[in-house]
Amino acid sequence: MNAQRAQEIAESSTMVEVTCNGVPIYIQHVDSDTNTARIYPLNQPDNEETVSLNSLTESSPFQSDGIQMHCPD
């Protein structure tokens, strides 16, 4: 994830799904100088850590949930 997008998510009042190594996280702070973010897992707010922005992934609103749409021919 790039620093600008991570900062947008951190400042957003809307919850955005972001994961770090598959774990849903909350971004507390972004340091664009070091390309890192201060995060914690959503289910463990006391477990803060600093990670590389490269380890963060924003969930796409277009991810498949098993539902498939087919247009009639």
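It should be emphasised that the depicted structure is a prediction, and the values quoted were computed from it without experimental measurement.
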**Message:** Quick check for you: to the nearest 0.5 Å, what is the distance between Met15 atom CE and Leu42 atom CG?
**Reply:** 4.5 Å

**Message:** Distance check, rounded to the nearest 0.5 Å: Ile39 atom CD1 versus Ser55 atom OG?
**Reply:** 6.0 Å

**Prompt:** Taking atom OG1 of Thr36 and atom CD of Glu49, what is their separation to the nearest 0.5 Å?
**Reply:** 11.5 Å

**Asked** How many angstroms lie between atom CD of Glu11 and atom NE2 of His29, to the nearest 0.5 angstrom?
**Response** 10.5 Å

**Asked** When hydrophobic residues are tied together by side-chain contacts of less than 4.5 Å, even through go-betweens, does Val16 share a cluster with Leu53?
**Response** yes

**Fill in**
Minimal heavy-atom distance between Tyr40 and Glu48, with the atoms involved, is CB-CA, 4.1 Å

**Message:** Could you see if Ile9 belongs to whatever hydrophobic cluster contains Tyr26? Use Ile, Leu, Val, Met, Phe, Trp, Tyr and a side-chain cutoff under 4.5 Å.
**Reply:** no

**Fill in**
Heavy atoms of Ile27 and Ala37 approach each other most closely as CG2-CB, 4.3 Å

**Complete:** Tested for side chain to side chain contact (heavy atoms under 4.5 Å, CB included) against Arg38, the lone hit among Asp31, Val51, Thr50 is Thr50

**Item:** Non-hydrogen side-chain atoms of Met1 and Val18 separated by less than 4.5 Å
**Value:** yes

**Request:** Taking all non-hydrogen atoms of both residues into account, name the closest pair between Pro41 and Asn47 and its distance.
**Result:** CD-O, 3.3 Å

